[in-house]
Amino acid sequence: MRKHTEGIHHITAIVGHPQENVDFYAGVLGLRLVKQTVNFDDPGTYHLYFGNNAGQPGTIITFFPWANAYQGRIGDGQVGVTTYVVPEGALPFWINRFAKFSIPFKKAERFGEQVVQLDDPHGLHIELVARPQGELNHWTFGDVTPEVAIKGFGGATLYSSRPQETENVLTEVMGLKKIATEGEYTRFASSADIGNIIDLKTVPGIRGQMGVGTVHHIAWRAKDNADHLEWQEYVMNHGQHVTEVKDRNYFNAIYFREAGEILFEIATDPPGFAHDETVDTMGSQLMLPLQYEPHREQLERTLIPIKVRSMD
């Protein structure tokens, strides 16, 4: 049996002050805050999820915000760049928007595509690319309307300490297809319409250091719990040291660190983010897993207050 993932489920990064994080990803990028919860392993820290109007897999960027934490260094063993996809013809809107907010950006071309490159307020490298694939994001916030809104992930660029071994994991374990090489990058694709393009830097560089402004892990999609258990056995049979299944409330997760030192997760599509809130109210209040609900009052005193606000 040969398995393949449809693509990216979510990407999780470490950032600084939570309000600065919300202002950029909701206020500037126009993403929906679909879930306010806490880091299950460190409940004194938020875990914030942003995505499209429905919070679908392939659109979700998540953050652990630690105000005043030390700055990390982007490098080998990490996702180096997170790519977001917008509708065809939307890049001029975003160029004008970044100029409006005095956000530095650069234009570049890779694999025949025009990309807009910039850093978020805490140093994460991000880029926007326009592609026809993927459903429109029917979420309007400020001046960001569905005609130009981010649809979800375009993909990611991986920085590996052992690029050849990471390539083998991408193709032989995760089931991605190698489709092109250009300069120092090799491109792989999965079967999904979004979150499907992975560029692997084929020349090692400086080793990454975890901290603010770095990606913690990249998560791949599993269809359901049965498929997830198949993935656990499949990954183990391919020589990876995979964790037990962890219940993350909105999905189940397993983790393994591939030979290039990048932390991979495989996460289930269900149950999703609306099982403890309605689709209309997602992200509007702090949601806690059952084990932390008795400590709500204390946690609400500890967590820095945040507010989704229009920056227009």
Side-chain angles (χ1 to χ4, degrees), residues 8-27 29 31-52 54-57 59-72 79 82 120-124 210-219 225 228 243-255 263-309:
I8 298 172
H9 183 283
H10 67 269
I11 292 173
T12 295
I14 300 169
V15 292
H17 196 286
Q19 187 60 56
E20 295 172 351
N21 177 247
V22 173
D23 283 346
F24 182 77
Y25 285 89
L29 293 188
L31 295 173
R32 181 179 184 182
L33 176 60
V34 298
K35 191 64 60 179
Q36 299 182 49
T37 186
V38 293
N39 182 336
F40 287 10
D41 301 317
D42 177 20
T45 302
Y46 279 116
H47 195 174
L48 303 178
Y49 295 74
F50 298 83
N52 71 351
Q56 293 170 307
T59 77
I60 299 295
I61 182 75
T62 96
F63 298 101
F64 301 135
W66 283 314
N68 303 315
Y70 64 87
Q71 193 72 25
V79 173
T82 301
D120 84 351
H122 300 129
L124 286 166
M210 197 62 65
V212 170
T214 64
V215 169
H216 186 267
H217 64 265
I218 181 170
N225 290 341
H228 198 236
T243 68
E244 71 277 12
V245 174
K246 297 180 183 291
D247 182 355
R248 299 308 193 191
N249 207 4
Y250 308 107
F251 47 86
N252 284 345
I254 55 174
Y255 302 85
L263 182 59
F264 281 7
E265 175 185 342
I266 301 176
T268 56
D269 282 2
F273 298 100
H275 79 88
D276 58 355
E277 297 180 274
T278 68
V279 172
D280 290 339
T281 62
M282 285 191 310
S284 61
Q285 60 183 321
L286 180 66
M287 303 302 295
L288 297 175
L290 290 177
Q291 65 266 35
Y292 295 132
E293 192 60 52
H295 309 289
R296 173 176 288 274
E297 187 175 338
Q298 177 186 349
L299 289 172
E300 289 181 339
R301 287 198 305 266
T302 301
L303 294 166
I304 298 171
I306 57 172
K307 182 179 181 181
V308 176
R309 54 191 183 184

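Computed from heavy atoms alone, side chains included, the values below leave out hydrogens, waters and symmetry copies.
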Visitor: Taking T268 for its side chain and N252 for its backbone only, find out whether a donor-acceptor pair lies under 3.5 Å.
Guide: yes

Visitor: Taking the side chain as C-beta and beyond, is there a heavy-atom pair between E277 and K35 under 4.5 Å?
Guide: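 SC-SC contact between E277 and K35 confirmed.
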
Visitor: Decide yes or no for V212 and Y70: does some side-chain heavy atom of the first lie under 4.5 Å from some side-chain heavy atom of the second?
Guide: no

Visitor: Please examine the side chains of I61 and Y49, heavy atoms only from C-beta on, and report whether any two atoms are closer than 4.5 Å.
Guide: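 SC-SC contact between Y49 and I61 ruled out.
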
Visitor: Where do L48 and P65 come nearest, in terms of heavy atoms and distance?
Guide: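 In this case the closest contact between L48 and P65 is CD1-CG, 4.0 Å.
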
Visitor: Could you check whether K307 pairs with D23 (Lys NZ or Arg NE/NH1/NH2 to Asp/Glu carboxylate O, under 4.0 Å)?
Guide: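 Salt bridge flag = no for D23 with K307.
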
Visitor: Counting neighbours of CD on E293 that are heavy atoms of other residues, nucleotides or ligands and sit closer than 6.0 Å, is the number greater than 12?
Guide: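 For E293, atom CD is crowded (more than 12 foreign heavy atoms under 6.0 Å).
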
Visitor: Would the distance check show the side chain of T281 and the main-chain N or O of S284 forming a donor-acceptor pair, the cut-off being under 3.5 Å?
Guide: no

Visitor: Any side-chain to backbone donor/acceptor pair from Y46 onto I304? Under 3.5 Å, distance only.
Guide: yes

Visitor: Kindly give the heavy-atom pair with the smallest separation between A274 and V279, and that separation in Å.
Guide: CB-CG2, 3.8 Å

Visitor: Grab the two heavy atoms, one from Q291 and one from H295, that are nearest each other, plus how far apart they are.
Guide: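 Here Q291 and H295 meet closest at O-CD2, 3.8 Å.
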
Visitor: Run the side-chain contact (heavy atoms from CB on, under 4.5 Å) check on F24 and L29 step by step: do they pass?
Guide: CA-CA 6 Å; F24 182 77; L29 293 188; 3.7 Å; yes

Visitor: List the atom of E20, the atom of P121, and the distance in Å for their closest heavy-atom pair.
Guide: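 E20 and P121 have their closest heavy atoms at O-CG, 4.3 Å.
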
Visitor: For atom CG of N68, decide whether the heavy atoms of other residues, nucleotides or ligands shown that lie under 6.0 angstrom number more than 12.
Guide: no

Visitor: Report yes if the distance between the aromatic ring centroids of Y25 and F63 is under 6.0 Å, otherwise no.
Guide: yes

Visitor: Can you name the closest pair of heavy atoms from V308 and A26 and give their distance?
Guide: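 Distance-wise, the nearest heavy atoms are CG1-CB, 4.1 Å.
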
Visitor: Output yes when a side-chain donor or acceptor of E265 lies under 3.5 Å from a complementary backbone atom of I218, and no otherwise.
Guide: no

Visitor: Indicate the atoms forming the closest heavy-atom contact of D280 with R32, along with that distance.
Guide: O-NH2, 3.3 Å

Visitor: How about N21 and I306: do any of their side-chain heavy atoms sit closer than 4.5 Å?
Guide: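 A side-chain contact under 4.5 Å is absent here.
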
Visitor: About how many Å separate CE of M282 and CE of M287, when rounded to the nearest 0.5 Å?
Guide: 11.5 Å

Visitor: Do the non-hydrogen side-chain atoms of L124 and T82 ever get within less than 4.5 Å of each other?
Guide: no

Visitor: Would you find a donor on one side and an acceptor on the other, under 3.5 Å apart, between the side chain of T243 and the backbone of I254?
Guide: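 A pair under 3.5 Å: no.
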
Visitor: Are the ring centres of H17 and H122 closer than 6.0 Å?
Guide: no

Visitor: Is it the case that the side chains of H216 and T12 hold a donor-acceptor pair, with the cut-off being a distance below 3.5 Å and no angle test?
Guide: no

Visitor: Side chains of F40 and P289: closer than 4.5 Å at any heavy-atom pair?
Guide: yes

Visitor: Any side-chain heavy atom of P57 within less than 4.5 Å of one from H10?
Guide: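 Contact flag for P57/H10 side chains = no.
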
Visitor: Start with the C-alpha distance between V38 and T45, add both sets of side-chain angles, then the distance that settles side-chain contact (heavy atoms from CB on, under 4.5 Å), and finish with yes or no.
Guide: CA-CA 6 Å; V38 293; T45 302; over 6 Å; no

Visitor: If we only count heavy atoms from C-beta on, is the H275 to Y250 side-chain gap below 4.5 Å?
Guide: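 With C-beta onward as the side chain, the pair touches.
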
Visitor: Look up atom OG1 in T59 and atom CD1 in I11, then write down how far apart they are to the nearest 0.5 Å.
Guide: 11.0 Å

Visitor: Does the separation of the ring centres of H47 and F64 fall below 6.0 angstrom?
Guide: yes

Visitor: Looking at R296 and L286, would you say the former's side chain and the latter's main chain have a donor-acceptor pair under 3.5 Å?
Guide: yes

Visitor: Donor-acceptor check, side chain of H9 to backbone of I60, threshold 3.5 angstrom: yes or no?
Guide: no

